[in-house]
Amino acid sequence: MKPDHPAHSAPEDAAMRRAIEPVICYPVEGLPAPDLAPYLVTRATWEMLSETRVPAREARCFDVPAGCFFRISSIEGPQVGDLNLWNANNLGERFFSGKARALHGTHLSAGDRMWSNLPYLRSMALITEDTLDWYGFDGFGGSVHDVIGTRCDPYTHNLLSHGGQYHHCCHSNLTRALSDRTGLSLQEAEVHVHDVLNVFMCTGFTRDTGQYFMKASPVRPGDFIEFFADMDLIGALSACPGGDCSSVHSSDQAVCHPLLVEVFRPQSPPEGWRASPANGYDRSHGR
């Protein structure tokens, strides 16, 4: 955090420096703008492939073939979830929350993409519908579905609780789920767990100190966020031990609920869709 009482005095032109207008780092006009209409039309013919119930304070993996939809729903009560995605054929390619944040902003919604990490950097999935898009940004600067929080984890919990050992943090939940899905040991699986999309979580940064905050999620049973897979995916979703994240996380104090993941296959892909191509950079790095 920035100090309340800086050790260095402001220069004479401090006001002028602060008044310089910001510049968007990554203008996204160069990205192909998704037309969601063909995706929504194909849903009329889809059939369910699988249904995965994610228990409270646990995580589960699910599989999504390229060209299929998956939907994460609130079913019993307000609950947030931490989402990881991997290329089903290469665990080394996974969701890159930092690049999604840089391209789309701190909170995602319909029309935004889930980008993969370097050196791949291509679309893993497209968000096709978000029933919480009405929320926008509130008076505190909070919004829903963030890519600014990393995931609750037992290492930070241990650090902040003077040695506490809590095993249902989302990091551990996702580790167990990926280990169960792949047969990797816990230690092997853990290195593939990565920064998440915080599904349904309402978060922001305080305006006075710039600290990451959470508040009660507006999600209610029946709300969902939906995605279309641009490659074969393994997904993992953790029903966070913070419940709706209105008070605490990384503990058994919060009221928690399960989440539901449904996977659907349309009879035909959306018009004009093709599986996500490899990134065009030649990887020569100037040599």
Side-chain angles (χ1 to χ4, degrees), residues 1-4 6 18-28 72-74 77-85 95-115 125 127 129-153 155-157 159-160 169-171 173-174 194-221 223-227 237-251 253-257 259:
M1 291 182 290
K2 298 296 184 180
D4 292 332
R18 292 191 179 107
I20 295 173
E21 294 188 5
V23 176
I24 298 298
C25 293
Y26 293 102
V28 295
I72 300 172
S73 299
S74 167
Q79 175 67 42
V80 307
D82 286 41
L83 176 66
N84 268 188
L85 293 179
F95 174 52
F96 189 0
S97 70
K99 190 59 68 177
R101 179 173 64 249
L103 290 173
H104 299 307
T106 56
H107 298 78
L108 305 188
S109 191
D112 293 332
R113 294 188 181 275
M114 307 283 282
W115 298 94
I127 302 176
E129 190 169 4
D130 169 19
T131 65
L132 292 173
D133 60 1
W134 59 266
Y135 192 89
F137 283 89
D138 61 33
F140 301 98
S143 192
V144 184
H145 309 311
D146 84 74
V147 280
I148 49 180
T150 55
R151 62 199 174 277
C152 58
D153 70 87
Y155 303 97
T156 304
H157 176 81
L159 184 68
L160 298 178
C169 294
C170 289
H171 178 86
N173 293 351
L174 294 166
H194 50 279
D195 287 352
V196 299
L197 171 61
N198 280 307
V199 175
F200 304 141
M201 192 171 181
C202 190
T203 61
F205 292 108
T206 58
R207 290 173 178 171
D208 54 349
T209 63
Q211 289 176 281
Y212 181 53
F213 71 76
M214 63 185 188
K215 56 179 293 188
S217 173
V219 69
R220 295 296 181 269
D223 281 319
F224 64 86
I225 184 170
E226 181 185 282
F227 307 77
L237 182 68
S238 172
C240 182
D244 70 352
C245 288
S246 59
S247 57
V248 297
H249 62 75
S250 301
S251 79
Q253 299 172 27
V255 176
C256 294
H257 300 280
L259 293 168

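Residues S74 and R220 fail the side-chain proximity criterion, which asks for heavy atoms closer than 4.5 Å. Side-chain contact between L197 and H145 is present, with at least one heavy-atom pair separated by less than 4.5 Å. Between N198 and T203, the closest side-chain pair of non-hydrogen atoms is not below 4.5 Å. Between R113 and L108, every side-chain heavy-atom pair lies at or beyond the 4.5 Å cut-off. Residues L83 and V196 form no side-chain contact, since every pair of their non-hydrogen atoms from C-beta on lies 4.5 Å or further apart. Put simply, the side chain of T150 does not reach to within 4.5 Å of the side chain of H171, judged on heavy atoms.
In the model, S109 has no side-chain atom that pairs as donor or acceptor with a side-chain atom of D133 under 3.5 Å.
When atom types are taken as modelled, the side chain of R151 and the backbone of C170 share no donor-acceptor pair closer than 3.5 angstrom. A distance-only check finds a donor-acceptor pair linking the side chain of S217 to the backbone of F200 [under 3.5 Å]. One N or O on the side chain of T206 and one on the backbone of Q211 form a donor-acceptor pair closer than 3.5 Å. The main-chain N or O of F96 is never found under 3.5 Å from a side-chain atom of H194 such that the two would form a donor-acceptor pair.
Not counting sequence neighbours, the partners of D138 by the salt bridge (Lys or Arg N to Asp or Glu O under 4.0 Å) test are K215. Checked against salt bridge (Lys or Arg N to Asp or Glu O under 4.0 Å), E129 has the following partners two or more places apart in sequence or in another chain: R43.
Between P218 and V144, the shortest heavy-atom contact is CG-CG2, 3.8 Å. For I148 against D146, the heavy-atom pair with the smallest separation is N-OD1, 2.8 Å. Considering all non-hydrogen atoms of both residues, S143 and G136 come closest at OG-O, 2.7 Å. Here the closest non-hydrogen pair linking F95 and D195 is CD2-O, 3.7 Å.
In this structure, the separation between CG on L237 and CG on L85 is 10.0 Å, given to the nearest 0.5 Å.
When the shell of 6.0 Å around OH of Y212 is examined, it contains more than 12 heavy atoms from other residues, nucleotides or ligands. With a 6.0 Å radius and a threshold of 12 heavy atoms from other residues, nucleotides or ligands, I24 has its CD1 atom at or below the threshold.
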